[in-house]
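What you see is a predicted model; the values in this text were computed from it and never measured. In each ligand, atom 1 is the first atom listed, and ligand 1 is the first ligand listed.
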Amino acid sequence: MIRYFSTRDPHKSLVRFEEALLKGLAPDGGLYVPDRIPRLEPNRWQRANDIAEVGIAVLGEWLKDEIPPTDLEPIVRDALNFPCPLVKLSDDLYVLELFHGPTLSFKDFGARTMARLMQYFLRKRGERRIILVATSGDTGSAVADGFAGQDNIEVVLLYPKGKVSEVQERQLITQRPGVRSFAVEGTFDDCQRMVKEAFVDPELAHLPLSSANSINIGRLLPQALYYLWAAKQLHNHPQSEAVNFCVPSGNLGNLMAGILAALMGQPVHRFIAAHNDNHFFPDFLQGQAEAYQFHPTIATLSNAMDVGSPSNFERLYTLLGAEKLRRWVWGTTVSNQATLGRMKKTYEAYDYIACPHTAVGLEAQARYRQETGDPTPLISLACAHPAKFPEAVSRALGKESPKEEVLEMLYSRPTQVQTIGATLPALKAQLL
Ligand SMILES: *Cc1c(COP(=O)(O)O)cnc(C)c1O
């Protein structure tokens, strides 16, 4: 049976998945990590016909002692009910499009699955929860959308005012049943700090708070699935034993999920961690920063990656340690200018429109190849739909981005939002 312990617990006390999922953050402020990672035969996911089938096989293994297969199957099918295509750009370069869910970013995979898993356990327990979520853009809308309308779950969203794109903001403040949105006068780090403080505040201890940030293990497991699904789609590639994955990174949840997929048995030669000007992790990988030498957040064009102190670093570091991380993961920092340049090059070379986050990845993988000459086929994650970032797309390409019906519809829906200061008391006033 797979159990979870907190990254900060020297005794490694173990809890069930159900508890790790419903708590989010461990009581000592640490993040839950699995005590064991099931090793799977690749044919477990290579026989799958869609990502939901990957999910049923793989999550089935992780959760088999807590959720019977007959209960898990409908949860996974309902959560992962949208496509996840691998698009070929050249003979050895592919993008995995993770933006075909309802809010058009990869966050839909984790959020939708986690919402349904939580609802499953809460119903059984006859309990309710308030999900507190700090978002740098895409998490909030995915979580709001994934959880909306569940009668035992309420959602409270915090996002940094003025630091998300107009479309992202619109997605965040769209009225949904059971969802309240707050524009915080501060940065994403402030939002994340307020959430963390709320969890340990004695005056809020009576509230059934839970988190949905990528600190929640319930989001990471479903994200591991698309790495396996991508590798399966590449199966016909002649030299596709091992692959490289390039991961546009911020809070490092997506990279952590990829590493889980690799530890489960998917051969991965190298991960490329593509960061914007928030460069702690590439510095760390190059030996130019010590663990936890974080920086304040810098605002960039790839705003969902604007994270100065990535929470999931604690998980990566606990599970792998510095040496292994530095061997397995190659990192680089991509400026705004290089991001726009790569969006333009990608359009010119492949007739492909990449969102700024995806472009950070494509620039990073190009540098990696140039520097190492590594011929391993590479899958670069396409994290969000370019239509979410119309300003960046028109700046880079000199033309309008294609319109998405889902986004157009957003503007006809009613909104709700309140502005609050970047302090715990301001948040408490709203919660109490
Ligand atoms: C969240 C997000 C990222 C960063 O992912 P992490 O898991 O925080 O590293 C990158 N791109 C987009 C579009 C995102 O929404």
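Residue S249 has no nitrogen or oxygen atom sitting less than 3.5 Å from a nitrogen or oxygen atom of ligand 1, judged on distance alone. Where the criterion is an N or O separation shorter than 3.5 Å, residue side chain and backbone included, H357 fails it with respect to ligand 1. Polar contact check, C383 against ligand 1: no nitrogen or oxygen pair lies under 3.5 Å apart.
Remark: E169 does not engage K161 in a salt bridge, criterion side-chain N to carboxylate O under 4.0 Å. Here E61 pairs with K64 in a salt bridge; the nearest charged N to carboxylate O distance falls below 4.0 Å. Salt bridge present: E363 and R367 bring a charged side-chain N and a carboxylate O closer than 4.0 Å.
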Discussion item. With ring pair (Phe, Tyr, Trp, His ring centres under 6.0 Å) as the criterion, how do Y226 and F109 come out once you've worked through the C-alpha distance, each side chain's angles and the decisive distance to 0.1 Å?
Written reply: CA-CA 9 Å; Y226 48 68; F109 289 87; 4.8 Å; yes
Discussion item. For a ring pair (Phe, Tyr, Trp, His ring centres under 6.0 Å) check, start with the C-alpha distance between F271 and W328, then their side-chain angles and the critical distance, and finish with the verdict.
Written reply: CA-CA 6 Å; F271 286 99; W328 209 4; 5.4 Å; yes
Item to complete: Please lay out, stage by stage, how Q171 and K388 fare under the test side chain to side chain donor-acceptor pair (under 3.5 Å).
Response: CA-CA 10 Å; Q171 284 188 311; K388 283 183 107 163; 3.0 Å; yes
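Relative to the ring axis of F147, R129 does not place its NZ or CZ within 45° and under 6.0 Å from the centre.
Summarising the contacts of atom 6 (P) of ligand 1 with N251, V247, L381, L104, the nearest heavy atom is found in N251.
Residue P248 approaches ligand 1 through these ligand atoms, each under 4.0 Å from one of its heavy atoms: 4 (C), 10 (C). Less than 4.0 angstrom separates some heavy atom of G253 from each of these atoms of ligand 1: 6 (P), 7 (O), 9 (O). Interface atoms of ligand 1 facing A304, defined by a heavy-atom separation under 4.0 Å, are 1 (C), 2 (C), 3 (C), 4 (C), 12 (C), 14 (C), 15 (O). Residue L252 approaches ligand 1 through these ligand atoms, each under 4.0 Å from one of its heavy atoms: 6 (P), 8 (O), 9 (O). Counting atoms of ligand 1 from 1 in the listed order, those under 4.0 Å from a heavy atom of D138 are 12 (C), 13 (C), 14 (C), 15 (O).
When non-hydrogen atoms are compared, ligand 1 lies under 4.0 Å from the side chain of K107 (C-beta onward) but not from its backbone.
Contact analysis puts F106 in contact with ligand 1, with a non-hydrogen atom separation below 4.0 angstrom.
Every residue two or more places apart in sequence or in another chain that forms a ring-ring contact (aromatic ring centres under 6.0 Å, His included) with Y317 is listed here: Y292, F313.
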